[in-house]
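Single-structure report; data block below.
Note that this is a predicted model, so its numbers are computed, not measured. Labels below follow one simple rule: chain letters A, B, ... track the order of the sequence lines, proteins then strands, and each chain is numbered from 1.
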Protein chains: 2
Amino acid sequence: MIRRTTLVEEVYRVLRDMIASGELKPGEVLVQDQLAEKLGVSRTPLLHALRLLESENLLIRSNTHRVSVRQLTLEEAIVLFEMRESLESLACRYLTPIIAQEDIDRFRRDFTLAYEKKNVEEYRKADTAFHLFIAERCPYLDLRTVLARSGFMTKCLIKGLVRPPEETYEEHLEILRCFETRNPIGAEEAMRTHIRRTVERLKLLRDSHGALEG
Amino acid sequence: MIRRTTLVEEVYRVLRDMIASGELKPGEVLVQDQLAEKLGVSRTPLLHALRLLESENLLIRSNTHRVSVRQLTLEEAIVLFEMRESLESLACRYLTPIIAQEDIDRFRRDFTLAYEKKNVEEYRKADTAFHLFIAERCPYLDLRTVLARSGFMTKCLIKGLVRPPEETYEEHLEILRCFETRNPIGAEEAMRTHIRRTVERLKLLRDSHGALEG
DNA sequence: ATTCTGAATACTGAATACAGAATACAACAA
DNA sequence: TTGTTGTATTCTGTATTCAGTATTCAGAAT
């Protein structure tokens, strides 16, 4: 089936990518006319897209209605990860009865290949794809939406891996094992543990960073 | 300070209220021209508001770009409550060090008065205000946003109390005690227990409802 | 009677125009 | 020199128009 799309969706996607890539910088004020000209559209779909991104807290509006790219603090990133800790583990519980074996196999293979080759970039990609998959395949719209957005936002701030493959590889395998044995509670707890450790690493980073600045 | 607002915000608010009140019915298809005329605005701010509500999953867009009010199933409401179970308890953890004693006192008084007078409507109002307060006062934007939206959505489907005051009154007092003694972990667990029991009640309702239909 | 096709009508997305508010700058007064 | 005021310019929110698409209806073909 042909899926009807709109310019708004396209502009929204492009702007998101520009934020994620850093082309639009945190704190940068967006001027509608300039941006519309740059993207080759009128202000109408652009304004729609800006409002949507604002509604997702990626953009911030001042009292004078100037829109800027949100500056996400490490503290806020930690909160996002804490939210993901419970939401993504909930998603794993829901996903366990329905995830296809071929997906489980694919992720296990991707993680293992990258890990054994000590290819951190490949491992990072597998990591990102895995978490993205869990969000996208979650069978409930509301949870799917929140996971997608919080995942995107933490990715904007934190490029690369918080913890190295040596730490996370076995955790990923454990989650996959629970999927495979169709153990929802196990999958939920395995994912919770996985992300909680990342949260704790971020808190360590925050605290050492704070000590440097203090 | 005077806060600048827009027609979009106003239309958004009115539409949300119309959905919550049932004036716009689940499944109802919204026609932009008619609705704009009814609200006394042009289609422009209306269209913006519709997109925002769609982005929050309150409205659903078909492939032909017709927008209708989302029909939320009991299963989906349960998922929303499960999300709230962990997110609202997380918010309680964050809120515990900063919540003002006068707010604690006010909620305790409101719950107690309504409970002792056996006034279920007053109790329901105190209940709603309490949960709304926790969402609104959460010091982190992203969590605040998700809580506000999931709270609104569950309220649209589930009018009134899931469980009676006799069950929840003591649970509310326990949360307030943890706030008062500045015990974040206690507050988090007390709220988690409170909502989990509600989740379990909803699952019972779902399962008995399923049996009737089965 | 049923199905198909084309035209008319209704609806939506995007562009453009207009009005009001915000900002920048120059001139004037103290 | 500094502070205030007035004016010009820029920017944003909203209304309107236009073009494209979806839906409905009537007539023709089977």
Under-4.0 Å side-chain N/O to phosphate OP1/OP2 contact, [X] with [N]:
{"X": "A:R61", "N": "D:dC11", "result": "no"}
{"X": "B:H48", "N": "D:dG13", "result": "no"}
{"X": "B:H65", "N": "C:dG13", "result": "yes"}

Is [X] salt-bridged to [Y], cutoff N-O under 4.0 Å?
{"X": "A:E171", "Y": "A:R197", "value": "yes"}
{"X": "A:E122", "Y": "A:K125", "value": "no"}
{"X": "B:E54", "Y": "B:R51", "value": "no"}
{"X": "B:E82", "Y": "B:K203", "value": "yes"}
{"X": "A:D33", "Y": "A:K38", "value": "no"}

Atom [atom1] of [X] to atom [atom2] of [N]: distance rounded to whole Å?
{"X": "B:L50", "N": "D:dT14", "atom1": "CG", "atom2": "P", "result": "14 Å"}
{"X": "A:E10", "N": "C:dA14", "atom1": "CD", "atom2": "P", "result": "11 Å"}
{"X": "B:L30", "N": "C:dT12", "atom1": "CG", "atom2": "P", "result": "9 Å"}
{"X": "B:L7", "N": "D:dT14", "atom1": "CG", "atom2": "C1'", "result": "7 Å"}
{"X": "B:L46", "N": "D:dT16", "atom1": "CG", "atom2": "P", "result": "14 Å"}
{"X": "A:Y12", "N": "C:dG13", "atom1": "OH", "atom2": "P", "result": "17 Å"}
{"X": "B:L35", "N": "C:dC11", "atom1": "CG", "atom2": "C1'", "result": "13 Å"}

Within the sub-3.5 Å range, which N or O atoms of nucleotides 7-9 of chain D have a protein N or O partner, and how far apart are they?
none

Worksheet item: Knowing that exactly one of B:E189, B:E188, B:E88 qualifies, which makes a salt bridge (charged side-chain N to carboxylate O under 4.0 Å, His left out) with B:R93?
Response: B:E188
Practice prompt. Mark yes or no: A:R149 above the aromatic ring of A:F152, with NZ or CZ under 6.0 Å from the six-membered ring centre and no more than 45 degrees from the axis.
Written response: no
Worksheet item: Looking at C:dC11, D:dT14, C:dA14, which one has an atom nearest to any side-chain atom of A:V8?
Response: C:dA14
Practice prompt. Would you indicate what B:L47 reaches in the nucleic acid, counting non-hydrogen atoms under 4.0 angstrom: base, sugar-phosphate, or nothing?
Written response: sugar-phosphate
Worksheet item: Starting at the 5' end of DNA chain C, which residue's closest nucleotide do you reach first, B:Q32 or A:V41?
Response: B:Q32
Worksheet item: Which is it for A:R163 and A:T168 under the side chain to side chain donor-acceptor pair (under 3.5 Å) test, yes or no, and what are the steps along the way?
Response: CA-CA 7 Å; A:R163 292 191 287 145; A:T168 59; over 6 Å; no
Practice prompt. Quick one: list whatever passes side-chain hydrogen bond (donor to acceptor under 3.5 Å, both in side chains) with A:Q101, sequence neighbours left out.
Written response: A:D105, A:E180
Worksheet entry | B:D103: partners by salt bridge (charged side-chain N to carboxylate O under 4.0 Å, His left out), with sequence neighbours left out | B:R106, B:R137
Worksheet entry | Residues that A:E75 engages under salt bridge (charged side-chain N to carboxylate O under 4.0 Å, His left out), provided they are two or more places apart | A:R206
Worksheet item: If pairs are Watson-Crick or G-U with both distances under 3.5 Å, what is the dot-bracket string of DNA chain D, marking crossing pairs with [ ] and pairs to another strand with |?
Response: ||||||||||||||||||||||||||||||
Discussion item. Working to the nearest 0.5 angstrom, can you tell me the gap between A:S150 OG and A:N57 CG?
Written reply: 11.5 Å
Name the pairs: protein N/O against N/O of nucleotides 16-24 of chain C, kept only if under 3.5 Å.
{"from": "C:dT16", "atom 1": "O4", "to": "A:T44", "atom 2": "OG1", "distance (Å)": "3.4"}
{"from": "C:dA21", "atom 1": "O3'", "to": "B:R4", "atom 2": "NH1", "distance (Å)": "3.3"}

